[in-house]
Amino acid sequence: MKLTAVTLMLTTVLVLAGCGGAATPEPQGPTLGKGLLFALAVLETGPDGKPVPQPARMGILTQKDGEWRWAAIEDPESNVFHKGMVFESGSGASGLLTAGGTKALLKLWRSDGEAELVWEADFGGRFSRMRDVEVGDIYGDGVPTLVVATHDQGVVATVRRGGDGVWEVNELDRQENTIVHEAEIGDLDADGVLEIYATPSLPNKLDGTAQPGWVVRYVPAADEGRVVVADLGDRHAKEILVEDVDGDGTDELYVVLEAVAGGQVEILRYDAGTDPSEGRKVATLPDKLCRFLTAGDLDGDGVLEIVAAAHKSGLWLMKPGADAGAEWVVTLIDGQSGGFEHAALLTDLDGDGVDELYVANDKGGEINRYLMEGGEFSKETLYHHPEGLSGFTWNIMPIPVELIP
C-alpha cells in the first residue's frame with residue numbers, strides 16, 4: 001500500500017526560540033542519530049461534550065543541531081497506536097512497525113513512504129486492538145518473530161514472514177472476554193529457548209472492584225501452551241518486565257500488581273520455578289496504578305536499575321537491597337510527573353554509554369529527559385504540546401533517524 005495525503009499526515013514543529021527575519025544562526029549543539037517514537041491516542045471533545053477518538057498518531061522527536069523537532073504521522077484507519085517500534089523482518093528490509101486499534105492493524109512503514117500491511121484482524125469482541133508487540137527469535141530458527149498481545153478476546157499470537165514473503169500468523173491462545181495488556185520475551189530457566197510472558201485479565205474496571213488476572217507463559221519452540229506462572233487472585237497486572245536486573249545471567253520476571261480499593265501498587269519478582277501464588281514482593285508504591293517499568297544503567301556502573309512510572313505519585317527509582325531477600329530501595333525522582341499510562345523509557349540515545357530516562361508526562365503535556373549525575377537527577381523538557389495533550393501516550397521507543405518515514 002502506497003501512502004498518500006489521505007492516509008499519511010506529516011507535520012513538523014521545531015522547538016525553537018527567537019524566530020523572525022534575522023539571519024539564521026550557525027548550527028550549534030549535537031545532532032543525534034536516533035530519535036524517539038511516541039505511540040498516541042488523541043481525543044477531541046464532541047458536540048455532546050464526550051471525547052471523540054481521532055486518527056491514530058505517532059509522534060517523532062529528533063534532535064538536530066541542538067534543536068529538538070517534533071513531527072507526527074497519522075493513520076485514519078485506526079484511532080490509536082498502542083506501540084511503534086523498529087522491526088527488521090528478516091528479509092533485509094527494516095521499518096517502523098505500528099500496532100493499531102479499532103481497526104486492529106499491524107503495519108510496517110518504510111522510510112520512502114510505503115506501508116506494508118502485516119496483519120489485520122477482527123477478533124470478534126466489542127473491539128479489536130493490537131495492544132502490545134515484542135520481537136525475538138521465538139522459534140530458535142533465526143527468523144525475527146513478532147509476539148502480539150490483543151484486546152478483547154485474549155488472543156496472543158506470533159507473526160513472521162515466511163520464506164515466500166507472506167506473513168504467517170499463529171494464534172497461541174484465545175480466551176473470550178479477556179484483555180491482554182502486555183507481552184514480554186525472556187529466558188527465565190536459562191535453557192537457551194525463549195519464553196513468552198503475557199498478562200490476561202478480565203475487562204478493565206476503574207471503580208476499585210476486583211479485576212482478577214494472571215501472568216502466563218508460552219514456549220512455542222517447545223510446543224508448550226499456556227501455563228500460569230503468577231496467580232494474582234482478585235488483582236491483576238497491566239505491566240510486567242523480563243530482565244536480568246541482578247546480573248546473574250538469568251532473567252527474572254517483575255510483575256506490577258495494581259491496587260484494589262484501599263491498597264497500593266506492589267511489585268513482585270518471580271524466578272524460574274517460583275510458585276505462582278508466592279511471588280516475592282520487592283517494592284511498594286503509594287499509588288493505585290503503575291503501567292511502566294523500564295530497566296537500564298543510569299549511573300554507568302554496569303549495574304541495572306528499574307524506573308517505575310506510576311499514575312499519580314510520580315517517577316520512582318528502584319535498586320535491589322543489600323540482602324538478596326530484602327525489599328528494594330525506592331527513591332522518588334519526580335513527584336510532579338504523571339499520566340494514566342505515564343510512558344517511560346531508559347535508553348542511551350546519545351551513545352555515551354550511560355542511559356537517559358525519557359518520560360511522557362501527559363499530566364503536564366510535555367516530554368522530559370532525566371540524567372543522573374553524582375546520584376542526583378537533572379530534568380530537561382524536550383517538547384511541550386502547545387495546547388496540552390488531550391489523550392494518552394501509550395509507549396516510547398527509539399528509532400534510527402534514517403528509518404523515520
Side-chain angles (χ1 to χ4, degrees), residues 32-41 57-63 68-71 81-87 96-99 131-136 181-186 238-245 254 256 267 289-300 304-311 314-318 333-334 337-372 377-385 389 392-401 403-404:
L32 297 182
K34 290 183 179 180
L36 294 170
L37 300 170
F38 299 84
L40 301 170
R57 184 177 298 178
M58 181 64 60
I60 302 169
L61 192 63
T62 57
Q63 187 183 47
W68 288 97
R69 302 166 180 238
W70 175 264
F81 281 140
H82 280 297
K83 195 166 190 178
M85 61 186 291
V86 174
F87 179 58
L96 163 59
L97 184 89
T98 56
R131 179 59 182 86
D132 192 25
V133 185
E134 297 291 335
V135 61
H181 304 276
E182 174 87 357
E184 285 279 307
I185 298 171
K238 287 186 171 68
E239 173 67 3
I240 57 175
L241 175 68
V242 175
E243 188 69 68
D244 178 18
V245 177
Y254 297 92
V256 179
I267 300 175
L289 312 175
C290 178
R291 305 284 171 83
F292 266 87
L293 294 182
T294 179
D297 183 6
L298 278 160
D299 51 14
L304 297 184
E305 297 89 30
I306 292 178
V307 171
H311 180 203
L315 300 167
W316 299 88
L317 178 66
M318 298 170 41
I333 299 172
D334 184 353
S337 188
F340 188 72
E341 288 296 314
H342 205 184
L345 174 70
L346 281 168
T347 190
D348 181 14
L349 211 63
D350 59 14
D352 67 352
V354 179
D355 289 327
E356 311 93 48
L357 173 62
Y358 297 90
V359 179
N361 174 18
D362 286 355
K363 182 174 70 173
E366 61 190 21
I367 298 166
N368 296 315
R369 176 175 64 185
Y370 298 81
L371 305 178
M372 178 184 274
F377 281 95
S378 61
K379 170 184 172 182
E380 177 186 4
T381 297
L382 306 184
Y383 180 70
H384 192 92
H385 296 278
L389 180 63
F392 307 95
T393 304
W394 290 99
N395 201 263
I396 309 174
M397 292 292 282
I399 184 173
V401 294
L403 294 183
I404 295 174

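- Minimum interatomic distance between Val307 and Ile333 (heavy atoms only, all atoms of both residues): CG2-CD1, 4.1 Å.
- Between Glu341 and Lys83, no side-chain nitrogen of the basic residue sits less than 4.0 Å from a carboxylate oxygen of the acidic one, so the salt-bridge criterion is not met.
- When side chains are defined from C-beta on, Trp68 counts as touching Leu32, because their heavy atoms get closer than 4.5 Å.
- His384 contributes atom NE2, which lies 10.5 Å from atom CD1 of Ile367 (distance to the nearest 0.5 angstrom).
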| Please walk me through it: do His342 and Leu315 pass side chain to side chain contact (heavy atoms under 4.5 Å, CB included)? | CA-CA 9 Å; His342 205 184; Leu315 300 167; 3.5 Å; yes
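- Rounding to the nearest 0.5 angstrom, the gap separating the CG atom in Leu289 from the NE2 atom in His311 is 5.5 Å.
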| request: Report the C-alpha distance between Tyr383 and Glu366 in whole Å, list the side-chain angles of each, state the deciding distance to 0.1 Å, and finish with yes or no for side chain to side chain contact (heavy atoms under 4.5 Å, CB included). | output: CA-CA 6 Å; Tyr383 180 70; Glu366 61 190 21; over 6 Å; no
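- Across all non-hydrogen atoms, the minimal contact from Leu349 to Lys34 is CD1-CB, 3.7 Å.
- In this structure Val354 satisfies the side chain to side chain contact (heavy atoms under 4.5 Å, CB included) test together with Asp352, sequence neighbours excluded.
- Remark: side-chain polar atoms of Asp355 are not paired, donor with acceptor, to backbone N or O of Leu346 under 3.5 angstrom.
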| task | For Leu382 and Tyr358, run side chain to side chain contact (heavy atoms under 4.5 Å, CB included): C-alpha distance rounded to whole Å, both residues' side-chain angles, the deciding distance at 0.1 Å, then the answer. | result | CA-CA 9 Å; Leu382 306 184; Tyr358 297 90; 3.9 Å; yes
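- Between Asp299 and Asp297 the shortest side-chain heavy-atom distance falls below 4.5 Å.
- By the 4.5 Å heavy-atom criterion applied to side chains, Arg57 and Phe38 are not counted as neighbours.
- Nearest heavy-atom pair across Leu36 and Leu345 is CD2-CD2, 4.1 Å.
- Within the 4.5 Å cutoff, side-chain heavy atoms of Asn395 are placed close to those of Phe292.
- Under the 3.5 Å distance criterion, with hydrogens and angles disregarded, a donor-acceptor pair is assigned to the side chains of Asn368 and Thr381.
- For the pair Asp348 (side chain) and Gly351 (backbone), a donor-acceptor distance under 3.5 Å is present.
- Residues Met58 and Leu37 meet the side-chain proximity criterion, which asks for heavy atoms closer than 4.5 Å.
- Interatomic distance, CD of Glu239 versus CG of Leu293, reported as 5.0 Å (0.5 Å rounding).
- Taking every heavy atom of both residues into account, Glu184 and Val242 meet most closely at OE1-N, 3.0 Å.
- Rounded to the nearest 0.5 Å, atoms OG1 (Thr294) and CD1 (Ile396) are 9.0 Å apart.
- Of all non-hydrogen atoms in Glu243 and Ala295, the two that sit nearest each other are CG-CB, 3.9 Å.
- Smallest separation of non-hydrogen atoms from Val86 and Pro400: CG2-CD, 3.7 Å.
- A heavy-atom distance below 4.5 Å is not found between the side chains of Tyr370 and Leu298.
- We find the CZ-CD distance between Arg369 and Glu356 to be 6.5 Å, quoted to the nearest 0.5 Å.
- To the nearest 0.5 Å, atoms CG (Asp132) and NE2 (His82) are separated by 10.0 Å.
- Note: Trp70 and His385 have perpendicular aromatic rings, judged against thresholds of 30 and 60 degrees for the angle between ring planes.
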